[in-house]
Amino acid sequence: AENLGEVLRGDRIENSPYMFKMREPQMCNVVCRLILNAKTAKEFKEKIEDEYRVNMILDNLPLVVPLRRPDQESSLVYLHGFLVGLKGQYAGNKDEKHFIHNHLTFVVKYHRDPVTEFSRIVGFEVKPFSVKHEYEGEWDENTTRLTTCDPHAKKIISGTEPPQEVEDKKEIIFTYDVEFQESDVKWASRWDSYLLMADDQIHWFSIINSLMIVLFLSGMVAMIMLRTLYRDISKYNQLETREEAQEETGWKLVHGDVFRPPSNSDLLCVYVGTGVQFFGMVLVTMMFAALGFLSPSNRGGLMTAMLLLWALMGLCGGYSSARLYKLFKGTEWKKITLKTAFMFPSIVFAIFFVLNALIWGQRSSGAVPFGTMFALVFLWFGISVPLVFLGGQIGFKKPEIEDPVKTSKIPRQIPEQAWYMNSVFAILIGGILPFGAVFIELFFILTSIWLHQFYYIFGFLFIVFLILLVTCAEITIVLCYFQLCSEDYMWWWRSYLTSGSSALYLFLYATFYFFTKLEITKPVSGVLYFGYMLLLSYGFFVVTGTIGFYACFWFTRLIYSSVKVD
């Protein structure tokens, strides 16, 4: 039975006609014989054109094709599954033909326990061949012996035989060999060879690169803190020139307006609550993954864990949106919790539903069945919504957060801003650094999602996530300080959007990746790619925006609480 994560990823598991017996090698077993007609030949050709792969599992190990890397003789790269076939030309002929892989040489590696003499499977590899099989006389299931590959005559497939073409009326005979090899790899560490990362240096490089950004920003934050909190607050021992005093007390002049609730404050509460819910999910998932609970041998485990955690984190989401709502002097907490429970999930669900309808229209097995859709809706309505409500109620019952300074009755006029303090410009600048901190790791994540490689370096990912957290917080604080200094007190939404705008760069990078790394030609596949990337960017937006918002919230409270207002 497939779990939720597997179904959502489009994995369906069936039994294959290949029969293995433990430690019994087999040669040239015939699976079946097939006469192509125009329709099947066309389908095979399409699959070969689109480079479809055949994936199999043996004892929970995925089938791999080992390839030597041309640049390094010693290291092997494992490709998941083997190609259905390949395109090529006969010597001296220009026409491109399609050839099908109809002979498979399986290599099953096993580890024998020296004490009990029992064996366990630790590796599953295949070498695919295309062979035009021949036999004498009429075809008969039971008696016919192949002349191209015969265990009695010790004739084995070596790859030099004429290949099997895919055309109408052609006959294809599918065969396989099974070879067993004893291996020193213990059963517990059988996944290690699958997960070998050939280039962990680049991860270290990316982390050091990101740490440089963090150090630079931390220096700026520290300078701001020292300047404002100590020099300002000790209220000049000696009076300096008028200009200096003016420049440094810019942020003090707006103390009567800085905690004035923003326009569309309800929406801000909803987005902050959603961000907290999402942030909690990502944080807990990463901690579990970094500790090794979600190894790739547990197929679909990561996805299942994330969905469940998202539903459970509704508690935190409802709580934080209700707390903020009460701060903005709101009274209808039920309305705000409803919005928090429904807004983000319904947008995601709508996009997911449209994408799924597209897959379904292509008659793909990757479409999510309605039963699973129902399970998702149950997770959302049955677990997430009640928890958001519970969190909202707890949050609203708590005493209101006190503002450090009183808000004046009449809003101040905001002076004319310099071009570089323009909100759109500042927001777009703010997104560059958080994106720069994660962008190398992002490349590996996209590769693992779209090019079917294992991603398991959650330790690195966790470090990068922490760096992202710090970068978002610091860049928002720095830009927020500059904004307050130029007497512009509209910081609520701007703090959210400043770090959240990194999601825009993430989407642009995904677009760049699409055109440079992937060879997707079919329109539906392209729509799917951009649909899923849009969802990813949307999630990234709420997480980074919320981090920036809370950092700014804490910062403004800190600096204004130490001001003595006449």
Residues that [X] engages under side-chain hydrogen bond (donor to acceptor under 3.5 Å, both in side chains), provided they are two or more places apart:
| X | result |
| --- | --- |
| Tyr505 | none |
| Asn60 | Arg299 |
| Lys47 | none |
| Arg190 | Asp59 |

Taking atom types as modelled, is there a side-chain donor on Tyr90 or Glu96 under 3.5 Å from an acceptor on the other?
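Glu96 and Tyr90 do not have a side-chain donor-acceptor pair below 3.5 Å.
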Answer with yes or no after comparing the ring centroid distance for Phe328 and Trp492 against a 6.0 Å cut-off, counting only values under it.
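Yes, the ring centres sit under 6.0 Å apart.
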Is the Phe129 to Phe82 ring centre distance short of 6.0 Å?
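Ring centres of Phe82 and Phe129 not closer than 6.0 Å.
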Which label fits Tyr550 and Phe553: parallel for a plane angle under 30°, tilted from 30 to 60°, or perpendicular past 60°?
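If you compare the ring of Tyr550 with that of Phe553, the planes turn out perpendicular.
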Step through the shown structure and confirm whether more than 12 heavy atoms of other residues, nucleotides or ligands are within 6.0 Å of OH on Tyr532.
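Yes, because the 6.0 Å sphere around OH of Tyr532 holds more than 12 heavy atoms from other groups.
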Answer yes or no: does atom CZ of Arg9 have more than 12 heavy-atom neighbours from other residues, nucleotides or ligands under 6.0 Å?
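No.
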List in chain and number order the residues that pass side chain to side chain contact (heavy atoms under 4.5 Å, CB included) with [X], two or more places apart in sequence or in another chain; answer none if no residue qualifies.
| X | answer |
| --- | --- |
| Tyr319 | Arg323, Ile394, Lys398 |
| Phe216 | Met220 |
| Tyr420 | Ala418, Phe425 |

For Tyr271 and Thr340: C-alpha separation, side-chain torsions, deciding distance, then whether side chain to side chain donor-acceptor pair (under 3.5 Å) applies.
CA-CA 7 Å; Tyr271 264 102; Thr340 309; over 6 Å; no
For residues 341-361, dump all side-chain donor-acceptor pairs below 3.5 Å to protein atoms at least two apart in sequence or in another chain.
from   : atom 1 : to     : atom 2 : distance (Å)
Ser346 : OG     : Phe342 : O      : 2.4
Ser346 : OG     : Met343 : O      : 2.9
Asn356 : OD1    : Val368 : N      : 2.8
Asn356 : ND2    : Val368 : O      : 3.1

Test log, rule ring-ring contact (aromatic ring centres under 6.0 Å, His included), inputs Tyr496 and Phe541:
CA-CA 9 Å; Tyr496 196 98; Phe541 167 72; 5.6 Å; yes
Could you work out, with salt bridge (Lys or Arg N to Asp or Glu O under 4.0 Å) as the rule, every residue matching Arg53, not counting sequence neighbours?
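Checked Arg53 against salt bridge (Lys or Arg N to Asp or Glu O under 4.0 Å); zero matches.
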Show me the donor-acceptor pairs, under 3.5 Å and distance only, between side chains in residues 431-443 and residues at least two apart or in other chains.
from   : atom 1 : to     : atom 2 : distance (Å)
Glu441 : OE1    : His203 : ND1    : 3.0
Glu441 : OE2    : His203 : ND1    : 3.2
Glu441 : OE2    : Tyr455 : OH     : 2.8

Donor-acceptor pairs under 3.5 Å, side chain of residues 457-474 to any protein atom, not counting sequence neighbours: which ones?
from   : atom 1 : to     : atom 2 : distance (Å)
Thr471 : OG1    : Ile467 : O      : 2.5
Glu474 : OE1    : Ser218 : N      : 3.1
Glu474 : OE1    : Ser218 : OG     : 3.1
Glu474 : OE2    : Ser218 : OG     : 2.8

Report the C-alpha distance between Ser495 and Thr476 in whole Å, list the side-chain angles of each, state the deciding distance to 0.1 Å, and finish with yes or no for side chain to side chain donor-acceptor pair (under 3.5 Å).
CA-CA 6 Å; Ser495 63; Thr476 315; over 6 Å; no
Pairs flagged by side-chain hydrogen bond (donor to acceptor under 3.5 Å, both in side chains) wherever residues 514-526 is involved - sequence neighbours left out
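Qualifying pairs: Asp50-Lys522.
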Under 4.0 Å between a side-chain nitrogen and a carboxylate oxygen: does that hold for Glu49 and Lys45?
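Salt bridge: no.
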Test side-chain contact (heavy atoms from CB on, under 4.5 Å) applied to His98 and Phe44, step by step
CA-CA 9 Å; His98 295 79; Phe44 269 130; over 6 Å; no
